[in-house]
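Take a look at the structure set out below.
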Number of protein chains: 2
Amino acid sequence: MKRPTIADIARQAGVSKGAVSYALNGQPGVSESTRQRIIAIATEIGFNPNSAARALSGAPARAIGLALCRPARTLGMEPFFMELISGVEAELSAMSFALTLQVVANADDEIAVYRRWWGERRVDGVLICDLRVDDPRVPVLEELQLPAVVIGGPGHTGALAHVWSDDAAALVETMEYLAALGHRRIARVGGMPGLLHTETRTAAFDAVARRLGLAEASTIGADYSGEDGTRATRRLLSSPQRPTAIVYDNDVMAIAGLAVAQEMGLSVPGDLSIVAWDDSPLCRLVHPALTALGRDIPAYGSQSARTLLDLIAGAAPAGYQAETARLTPRGTTAPPR
Amino acid sequence: MKRPTIADIARQAGVSKGAVSYALNGQPGVSESTRQRIIAIATEIGFNPNSAARALSGAPARAIGLALCRPARTLGMEPFFMELISGVEAELSAMSFALTLQVVANADDEIAVYRRWWGERRVDGVLICDLRVDDPRVPVLEELQLPAVVIGGPGHTGALAHVWSDDAAALVETMEYLAALGHRRIARVGGMPGLLHTETRTAAFDAVARRLGLAEASTIGADYSGEDGTRATRRLLSSPQRPTAIVYDNDVMAIAGLAVAQEMGLSVPGDLSIVAWDDSPLCRLVHPALTALGRDIPAYGSQSARTLLDLIAGAAPAGYQAETARLTPRGTTAPPR
DNA sequence: CTGAAAGCGCTTACAG
DNA sequence: CTGAAAGCGCTTACAG
């Protein structure tokens with residue numbers, strides 16, 4: 001099958017190619033009746049503008065890029081990314097933008113991908129995940145002047161637009177809830193050190209523990225995988241003064257922790273309370289159902305995409321605060337006995 | 001920053017733009033010394049060919065498309081897709097191909113996406129998931145002559161290339177294992193009816209049950225979500241002659257089923273044996289760990305991508321059989337008591 | 001309001 | 001082995 005072009009439409013409508021372009025793009029320069037006629041013909045023959053020709057003429061490529069820098073092992077397990085992507089897609093589809101996805105092995109590769117995308121003019125902008133403290137990607141994107149929205153922050157985002165959620169506040173709410181239940185020995189299994197949100201949470205955890213007078217509150221760093229959740233939980237529950245409550249930085253590690261407690265013959269929530277960050281459907285699948293900190297991740301993705309599309313359309317970079325995660329108590333939290 | 005073009009390289013090297021193109025693409029037409037000089041300059045100034053210009057000149061767009069037609073709710077939960085995507089990416093990255101992802105709401109939208117991608121010349125080929133019986137996508141892709149690899153089959157793939165795994169054989173192995181343990185009342189919670197692999201598995205299930213003389217073997221259709229897994233399991237376990245073993249078509253539903261059994265005070269595997277299809281890390285997170293049918297999903301994705309790249313390069317469409325899923329017995333299967 | 005033309009940055013026959 | 005030129009399908013000033 002031959003793809004129809006604007007030349008075909010122009011011939012059928014008896015006008016120039018320029019007129020077709022103006023009509024299809026809603027530009028002034030054609031009469032309303034001509035525009036309608038041209039649009040009717042385009043629809044009828046199933047015309048879609050060649051994206052390469054369009055991009056080559058200086059128009060946007062109508063694609064945005066998302067590079068994911070996580071080992072395949074943890075990527076598959078994290079409902080977070082797929083939920084984020086569905087939200088991003090919902091927004092992009094509405095605007096007929098495509099999503100170009102790339103899984104990378106490390107930060108250097110990720111930066112190389114941005115440089116390549118920029119050079120190839122393949123995407124009009126990018127979404128940045130897993131912001132790090134002093135993230136090397138930020139100055140590169142500033143230099144390239146490639147429109148970018150950081151999903152994370154605040155802070156360490158340079159002059160880039162960002163969409164963030166107040167993790168510190170969510171953690172404070174959780175700690176106060178556990179303290180109100182009577183817990184005095186609370187531990188945390190955190191995410192990867194160096195990630196900004198890990199550091200933010202750790203700082204908030206330490207501060208609130210001090211304020212509440214919890215002496216032995218400490219964080220163990222982990223990599224979000226079930227294996228690491230298992231390992232960290234075993235270590236915590238084997239210590240002489242084991243915690244009566246553990247807060248996990250994602251739900252996968254929390255589920256792993258729950259299984260470890262059951263294996264060791266501890267009752268949950270009787271002997272151990274568990275709180276998970278990220279309230280994916282997984283949390284309601286296990287028994288007992290997990291108490292979790294959740295928020296609308298697809299909406300977070302949609303907001304990020306919308307911010308990026310605005311940026312591409314010429315808006316100035318800004319910060320947007322999304323909702324704060326809310327605690328949903330379920331079956332894994334109770335007063336210590 | 002201005003993007004460097006072949007004109008910049010040509011000027012610096014003192015040759016024509018054509019010569020630069022030949023040199024960079026490994027075509028004959030330039031001497032080896034000129035080629036080396038040109039490549040050195042290109043590397044030094046960080047040249048990347050403008051993908052739009054390239055595509056407009058008839059070269060491949062160097063991108064493939066993947067449209068996912070699942071509700072956001074089940075998408076986020078299914079480790080399968082992210083694992084498949086990491087495998088696809090591994091192959092594409094090596095060949096500097098991009099992956100264009102689109103989440104669609106239904107089959108009609110998905111077909112519209114393929115027509116648009118074809119018209120826009122946005123992708124060089126597509127990967128098709130969730131093959132249905134008499135799938136309407138197949139004739140459309142044949143008509144468009146858009147290179148396509150169906151992840152699924154065999155059968156119902158028309159003249160399209162496909163990569164498949166023998167689900168019937170895997171199910172037979174599972175049933176024989178359960179029968180050997182002494183189970184006589186085996187039920188199955190299946191995937192969406194109409195999906196080819198659901199139908200294949202159902203047919204195999206019925207056939208092997210008949211052969212083994214299991215009278216009450218029946219399948220309940222579900223949608224892969226935890227909620228449906230919960231609902232189906234409750235129904236099965238509330239029946240007067242409840243099954244002593246249940247086979248689930250994915251791991252998410254199996255985990256939901258495990259929680260239902262625990263809630264109802266049944267011991268697993270004492271009162272109920274459970275087998276999950278898809279052996280993601282989730283299966284080892286719960287307690288007891290799930291007996292599961294697993295195979296290397298990233299490798300399946302890589303093979304599919306490789307088949308598609310071959311097709312784009314001009315190979316004839318063919319069928320490729322990937323490994324059959326293997327049963328890994330863990331803590332949820334035992335003789336009925 | 002409309003048409004003819006240049007140009008985006010490549011690739012690829014076609015001459016020398 | 002190399003250069004000059006056409007062409008891919010659009011967009012967008014520039015004339016009429």
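The sequence lines fix the lettering, A, B, ..., with proteins before strands; numbering per chain opens at 1. Note that the structure is a prediction, hence the values are computed from the model and not measured.
Using modelled atom types and a 3.5 Å distance limit, the side chains of B/Thr34 and B/Ser31 yield a donor-acceptor pair.
Of the charged side-chain nitrogens involved, none lies within less than 4.0 Å of a carboxylate oxygen, so that B/Glu120 and B/Arg115 do not count as a salt-bridged pair. In this structure, B/Arg70 pairs ionically with B/Asp130, as a charged nitrogen and a carboxylate oxygen lie closer than 4.0 Å. Between A/Glu91 and A/Arg306 there is a salt bridge, since a side-chain N of the basic residue sits under 4.0 Å from a carboxylate O of the acidic one.
Contact annotation: A/Ser16 reaches the phosphate of C/dG3 (side-chain N/O to OP1 or OP2, under 4.0 Å). Close to D/dC8, at under 4.0 Å from its OP1 or OP2, lies no side-chain N or O of A/Asn50. Distances shown here put every side-chain N or O of A/Ser57 at or beyond 4.0 Å from the OP1 or OP2 atom of D/dG9. An OP1 or OP2 oxygen of D/dT2 is reached within less than 4.0 angstrom by a side-chain nitrogen or oxygen of B/Thr34.
One atom, CZ of A/Arg121, and another, P of C/dC10, lie 12 Å apart when rounded to the nearest Å. We find that CZ of B/Arg54 is positioned 20 Å from C1' of D/dC10, with the value rounded to whole Å. Atom CG in B/Asn48 sits roughly 14 Å away from atom C1' in C/dC10 (whole-Å rounding). The nearest whole Å value for the distance from the CD1 atom in B/Ile9 to the P atom in C/dT11 is 10 Å. Taking atom CD1 of residue A/Ile6 and atom P of nucleotide C/dA4, one finds them 14 Å apart after rounding to whole Å. The nearest whole Å value for the distance from the CG atom in B/Asp8 to the P atom in C/dG9 is 9 Å. In this structure, A/Leu24 places its CG atom 15 Å from P of C/dT2, rounding to the nearest Å. The interatomic distance linking A/Arg122 (CZ) with C/dC8 (P) rounds to 21 Å, in whole Å.
The closest side-chain heavy-atom distance from A/Glu89 to A/Leu99 is below 4.5 Å.
Closest approach to the A/Ser21 side chain among C/dT11, C/dT2, D/dT11 is made by D/dT11 (side chain taken as heavy atoms from C-beta onward). Side-chain atoms of A/Ala19 lie closest to C/dG3 of the nucleotides D/dG3, D/dT11, C/dG3.
When Watson-Crick and G-U wobble pairs are counted only if both distances are under 3.5 Å, D/dA4 pairs with no nucleotide at all. Look at C/dA13: it lacks any Watson-Crick or wobble partner with both distances under 3.5 angstrom.
Taking CD1 of A/Ile85 as the reference point, atom CD1 of A/Ile297 lies at 12.5 Å (rounded to 0.5 Å).
Here A/Thr5 lies in heavy-atom contact (under 4.0 Å) with sugar-phosphate atoms only. Note on A/Gly58: nothing from the nucleic acid sits closer than 4.0 angstrom, heavy atoms only.
Sequence order on DNA chain C of the closest nucleotides to A/Ser31 and A/Lys17 puts A/Ser31 first from the 5' end. Residue-to-nucleotide proximity on DNA chain D shows that, of B/Pro28 and B/Leu56, the 5′-proximal contact is made by B/Pro28. Toward the 5′ end of DNA chain D lies the nearest nucleotide of B/Gly18, the other residue of the pair A/Pro49 and B/Gly18 mapping further downstream.
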